[in-house]
Number of protein chains: 2
Amino acid sequence: MSDSTSGKGRESKSMKSIDRVYKYVRQYIRDNAISPSVRDICAGSGLKSTSSVHTYLRKLDEMGKIEYRPGMRRAIILKDTDSATVTPVPSSDVVAVPVIGKITAGQPIFAHEDYEENIFISRSVIGSNECFLLKVSGTSMINAHILDGDYILVRKQNHADEGDIIAALIDNEATVKRFGKLNGVPYLFPENDLYSPIPFNTEDCQILGKVVGLHRYSIS
Amino acid sequence: MSDSTSGKGRESKSMKSIDRVYKYVRQYIRDNAISPSVRDICAGSGLKSTSSVHTYLRKLDEMGKIEYRPGMRRAIILKDTDSATVTPVPSSDVVAVPVIGKITAGQPIFAHEDYEENIFISRSVIGSNECFLLKVSGTSMINAHILDGDYILVRKQNHADEGDIIAALIDNEATVKRFGKLNGVPYLFPENDLYSPIPFNTEDCQILGKVVGLHRYSIS
DNA sequence: TCAAAAGTCAAACACTTGTTCATGAAAGCT
DNA sequence: AGCTTTCATGAACAAGTGTTTGACTTTTGA
């Protein structure tokens, strides 16, 4: 019944009970998305009396760490929170953008869980567009300063203007290239002299979207 | 007691009850951060019997719109569902990172509000480090693929290893350079042949932190 | 060393709240 | 019109859960 946050129970003996209570509440809410009951906290904090837990919850409320509404069941909410580092985030200001991993053969790339994780991005940089992230592998776009390991932010659309850097699906493989034309014929241009332009034929190629941003977390 | 989500109660008469229930649950959770009780939903949806609400909740669970755990109080959670675009964000997963604008003359750069805005970044890419963002101006680091207009993510620290790309304060101006040594003497190296290395003397120079990431939102 | 304060517990109580049941009205269908 | 199905209601029950009380133990401080 209350085993979801399986495990540990009492923590390091040195930590004070009130800390254990707070930590456990935090953990529980993160895991279960609902508040724990007093008795859940008992089990999770090592305290054996609901009374003790109750006392600490009230104290944590006074300290401003949580909001504890008298009488209500499972009504603890975290008062965000310590410092300016972790801030209360108005969730409308943040968007969870999926990182598309390997593109499987089937058509609906975005449909279910082809992605492994979400990265949160400020809405201010995305607006109301539908976006996703793609991890770059290879150096074919190095002259456009897009490196191996970068995450590119792609705004979904199925057309492209000449000169746009886009994400496209070629033979069921996702790549990043610059879209352009050569003598009126559409091509996908790598930005690396070692690679050759790829003819863009609508049979094997599908435009996923336009690259509107880039995240890099491996600096060297 | 249950007036927090003050107001409207029953909605457009045309809407079916099950929709009103779902909408109200959604609304309530958004407003109060905890699940409503069956009786709360009664009041909010216009239904007068807990039994009716209970039926619909169970149905919504079968439909996969919510998760309704039998017996638990205030334990409804939304099974997200439709958009995937706007998600309830566990705020501990997101950090607000300040964008440092102009560096004013005074010492404590980070102290108060020298910054203009925050950008939200996933905690998964930051960890527990203290970070800030700096907008790059100029092309002095172009060979390191850091462009004019990029935002660099800086982890605060006051030392640097040879080869690190760092943010430093030179004569009260913030710059990005690679830290290194020439004949044992520390220098700040631009990554652009048009610029010359800058001798790093501890009088005028202060290390702000190490560059650990990069965001670019102007692709061309 | 002694008394006050703080920490912890068990048990009981009372209220919130999920769940069920029987009933009745409204709507669909033959 | 009759029958079935759906929708809704109110009442009652049972369980989960917040809260209180009093006692016991440990720590703190003079």
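Below, chains carry the letters A, B, ... as their sequence lines are ordered, and counting in each starts from 1.
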Roughly, in whole Å, what's the span from CZ in A:Arg69 to C1' in D:dT17?
16 Å
To the nearest 0.5 Å, tell me how far A:His215 NE2 sits from A:Leu153 CG.
6.0 Å
Expressed as a whole number of angstroms, how long is the span from B:Leu57:CG to C:dT17:P?
14 Å
What orientation do A:Tyr217 and A:Tyr151 show, parallel under 30°, tilted 30 to 60°, or perpendicular over 60°?
tilted
Starting from the 5' end of DNA chain C, give me the residue, B:Ser35 or A:Lys59, whose nearest nucleotide shows up first.
A:Lys59
From OH of B:Tyr56 across to C1' of D:dT9 the rounded distance in Å is 12 Å
Give a yes/no on whether any side-chain N or O of B:Ser17 is located under 4.0 angstrom from OP1 or OP2 of D:dA8.
yes
Polar side-chain contact A:Ser49-C:dA10 base: donor and acceptor under 3.5 Å:
yes
Side-chain N,O (A:Arg74) to OP1/OP2 (D:dT17) below 4.0 Å:
yes
Take atom CD1 of A:Ile18 and atom C1' of D:dT27, then tell me their distance rounded to the nearest Å.
17 Å
Do any side-chain nitrogens or oxygens of B:His54 fall under 4.0 Å of OP1 or OP2 in C:dT19?
yes
Counting only side-chain heavy atoms from C-beta out, which of D:dG18, C:dA10, C:dA11 sits nearest to A:Thr50?
C:dA11
Kindly indicate whether the side chain of B:Ser51 and the base of C:dC21 share any N or O donor-acceptor pair separated by less than 3.5 Å?
yes
What nucleic acid atoms does A:Ser37 come within less than 4.0 Å of, heavy atoms only: base, sugar-phosphate, or nothing?
sugar-phosphate
Taking A:Asp40 first and then A:Arg74, would you say they form a salt bridge - that is, a charged N and a carboxylate O separated by under 4.0 Å?
yes
Give B:Leu47 one of three labels, base, sugar-phosphate or nothing, depending on what nucleic acid heavy atoms sit under 4.0 Å from its own.
sugar-phosphate
What does B:Arg58 touch in the nucleic acid at a heavy-atom separation under 4.0 angstrom: a base, only the sugar-phosphate, or nothing?
sugar-phosphate
Take the protein atom CD1 of B:Ile34 and the nucleotide atom P of D:dG18, then report the distance between them rounded to whole Å.
11 Å
When the distance from CZ of A:Arg39 to C1' of C:dC15 is rounded to whole Å, what number comes out?
12 Å
Residues A:Ile29 and A:Ile76: closest non-hydrogen pair is CD1-O, 3.8 Å
How close or far is atom P of C:dA11 from atom NZ of A:Lys48, stated in whole angstroms?
13 Å
Nearest to side-chain heavy atoms of B:Tyr68, which nucleotide of C:dT19, D:dT19, C:dC9:
C:dT19
Atom CZ of B:Arg73 to atom P of D:dG18: distance rounded to whole Å?
10 Å
Heavy-atom pair of closest approach, residues A:Met72 and B:Tyr28
CE-OH, 4.4 Å
